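Model, not experiment: these values are computed from the prediction. Below, read A as the first sequence line, B as the second, and so on, with proteins coming before strands; counting in each chain starts at 1.
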Amino acid sequence: MIMALYRLTGRLCRAVSQTRSLGTAAVEAEPPASGTRAIFRTVQQDPAHHSEQDLGQYYTLPPDHVCSVFPHGLPRHFQLQMKTFNETCVMVREPALELISHLKKADYSKPALRYLLYGVTGTGKTMTLCHALHYCSTQGWVVVHIPDAHLWVKNCKELIPSSYNSSRLDQPILASQWLKNFGITNKHFLSKIKTTKTYMWTKRESTEEGQPLGELLEKGLTRIKSSSDVMGALLRELRLQCSKPQDEGSGAFRLVVAVDGVNALWGRTTLRRENKNKVEPEELTVVQNLRKMLKNDWCGGAIITSLSQSGSLFTPRLAYLPHELLGKEGFDSLDPFIPVPVPGYSEKEFESCYQYYIDRKWLQHSQSHTEEGKKELIFLSNRNPAVFEKLCAAL
Amino acid sequence: MAAAAMCSVVMSLSRINQRLGVLTLNPVHKGAAYSKGVSVRGRRGGPPSSRPRREAGPPRWEKMTPDQDWTAVYPTAAAFKPSAVPLPIRMGYPVERGVPPAKEGNLELIKIPNFLHLTPAAIKKHCEALRLFCTEWPSALDSDAHCEEHFPIQLESRDYVFAGPSLRNPQARVVTLRVKLSSLNLDDHARKKMIKLVGERYCKKSDTLTLTADRCPLRKQNKDYAFYLLTVLYHESWKTEAWEQEKTVEDMEEYSWEDSPSQRNVLDTLLRMRTLGDSADAAVDTDSVRKELLASSEVQEYAASVSRLKNEGESESSVLQYREAVKKVLRL
């Protein structure tokens with residue numbers, strides 16, 4: 001009944017301002033004749049045009065975008081949700097809008113700005129990151145996305161000594177997987193960008209100067225042993241060419257480096273060498289290369305990172321503030337950065353999420369549709385998105 | 001207790017007398033006396049006395065008024081008497097998932113020590129009684145600040161009363177010396193060194209150094225030892241050894257922004273932003289630009305926020321302050 005009332009008000013009045021209270025907040029900017037639309041969905045499917053009017057509303061990502069931009073990026077729970085609901089809906093929230101507005105306003109001739117998303121576990125940092133990445137890819141940027149840096153410092157079966165620097169260790173399988181995903185995401189850039197240096201992989205193999213990046217990628221995928229070095233070379237190329245001012249030939253492009261779980265790069269690892277010595281993050285090639293990317297000595301792009309306690313090693317469970325999770329070294333390396341707090345759902349956002357689940361017929365329990373049930377859900381989850389999702393999965 | 005023992009002896013004697021009396025008074029009715037004796041002894045469950053048992057009256061607390069003299073009810077330390085304490089106290093493990101048991105017949109309340117004999121009214125009476133033996137408090141020391149100023153060192157020792165074969169208590173030899181470091185004449189280096197030397201004995205919040213001496217057998221000796229320790233600490237912290245030059249960043253007590261990686265990063269970033277912005281003028285004097293940048297208010301604000309973050313630990317408000325400072329510095 002309440003839903004019908006909302007739709008009625010939506011049909012009758014257009015573009016209700018956002019400052020109205022929760023009960024009547026129905027922001028729709030579409031003509032009334034396009035049929036019933038739920039209040040929690042927004043018309044605006046392009047992240048570039050999302051504004052405060054769309055706060056708390058879901059927008060759908062087209063499936064081909066999902067496959068190309070996020071071959072490995074989305075969190076596991078969200079992927080399951082995607083499969084169940086048969087659509088990819090992301091909520092437009094404040095931190096994402098703030099990030100996107102910064103990205104729009106930033107001056108790309110200056111050194112890259114670093115943003116750090118932080119918040120309690122489960123408030124949506126990874127989803128915010130993905131939203132921002134979607135924006136970047138629609139704008140035609142090169143996307144370097146590391147979905148979870150924690151996976152690089154734990155549970156790695158294959159560690160081989162690096163050929164480039166004998167004190168370092170390579171992770172060939174990880175690196176080759178990442179290269180594959182990078183290729184899927186940035187297909188159209190592979191032919192445009194050319195290498196600037198000759199790289200010698202082994203005594204017999206090398207990549208000449210002026211070859212497109214696609215070749216480099218191929219080399220990495222076929223010769224798995226040197227895939228970590230290929231990754232390093234790729235990142236170096238991107239960094240150098242992005243900083244160059246608008247050139248003929250290579251074309252100016254913008255680079256976004258997105259790292260989730262960035263506190264893994266400065267923490268401790270659980271990896272050990274064959275002689276049972278502990279491995280520090282500095283001794284891993286992939287980590288070294290990534291740290292170089294995160295320094296702001298290049299320009300023409302942005303660095304968006306997010307902290308993650310849930311995958312991190314040797315950190316207390318309740319820690320979520322930047323300095324706690326990054327440690328002294330990490331903080332000093334990332335300084336100065338712009339911390340972006342990601343809070344739990346506000347009332348409006350919670351309402352939106354609740355309506356979405358009801359619409360998708362996810363909440364089957366009879367009591368969950370009542371006011372009492374909603375109050376119970378709010379109390380149990382404390383408006384934390386992850387907890388709410390887990391609760392609803394059981395209903 | 002002796003009185004009670006006497007009582008029972010008297011009672012038993014009187015009982016014996018009664019029986020004897022019964023027997024002697026009525027020698028003719030031997031059978032009757034015997035039968036009476038049988039009837040007396042044969043009474044079911046009752047105590048062997050001819051006096052009927054007195055019914056217990058209402059408990060004492062029912063007759064108590066709110067403005068009674070409590071020091072008369074509990075003049076000395078005594079066990080908990082449920083009939084004499086007018087409070088509805090419950091104590092113990094809940095009975096069958098209900099409430100804790102009531103105070104009547106509650107062993108838990110009797111076992112624990114109580115301070116019912118030391119209420120404020122009782123303490124007042126004690127003070128009045130002790131006043132006879134006290135001298136006047138000096139009129140010049142009318143506030144805590146004055147006391148601190150004239151008597152910065154506070155000595156604490158305990159006396160124990162023990163009623164046993166020996167009156168002495170070995171715990172009475174412990175002496176605690178408390179002094180505020182602000183009342184000692186220490187400069188910056190001496191203060192930091194002193195804090196490092198004493199370690200756990202210093203409380204940062206109240207700026208108090210607490211030295212506890214218990215290694216000597218007599219109190220006087222411990223007191224002298226505590227003063228000796230204080231003297232030695234003071235003089236040692238004023239000295240600077242040769243190896244103190246090797247103090248590293250990790251040893252520093254506080255985070256100082258100058259020469260920190262944060263300062264270097266921010267200056268590098270700003271310099272690069274400037275050089276990229278005005279790439280026309282080739283001759284950029286980096287030193288003067290650095291000085292200018294350092295002096296600007298945004299960088300100062302940024303330095304303050306980073307120092308706050310590192311020194312006071314993190315909190316939501318300090319991270320937000322850092323955020324605002326970074327935005328201003330990078331001119332977003």
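Between the side chains of B:Thr208 and B:Arg201, not a single donor N or O lies within less than 3.5 Å of an accepting N or O. For the residue pair A:Asn384 / A:Tyr345, no side-chain donor-acceptor distance below 3.5 Å is found, with atom types taken as modelled.
Residues of residues 124-146 of chain A having a heavy atom under 4.5 Å from any heavy atom of chain B: none.
Both the backbone and the side chain of A:Lys328 come within contact range of chain B, with heavy atoms under 4.5 Å apart. Heavy-atom distances place both the backbone and the side chain of A:Phe337 under 4.5 Å from chain B.
One distance of note links CZ of B:Arg191 with CH2 of B:Trp238; it measures 12.5 Å at 0.5 Å rounding.
Looking at A:Glu282 and A:Arg291, a side-chain N of the basic residue comes within less than 4.0 Å of a carboxylate O on the acidic one, giving a salt bridge.
A:Glu324 places a side-chain N or O within donor-acceptor distance of the main-chain N or O of A:Tyr320, the cut-off being under 3.5 Å. In this structure a side-chain-to-backbone donor-acceptor pair under 3.5 Å is present from B:Lys103 to B:Val85.
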With side chain to side chain contact (heavy atoms under 4.5 Å, CB included) as the test, would you mind laying out the steps for B:Val174 and B:Thr212 before giving the verdict? CA-CA 7 Å; B:Val174 173; B:Thr212 309; 3.9 Å; yes
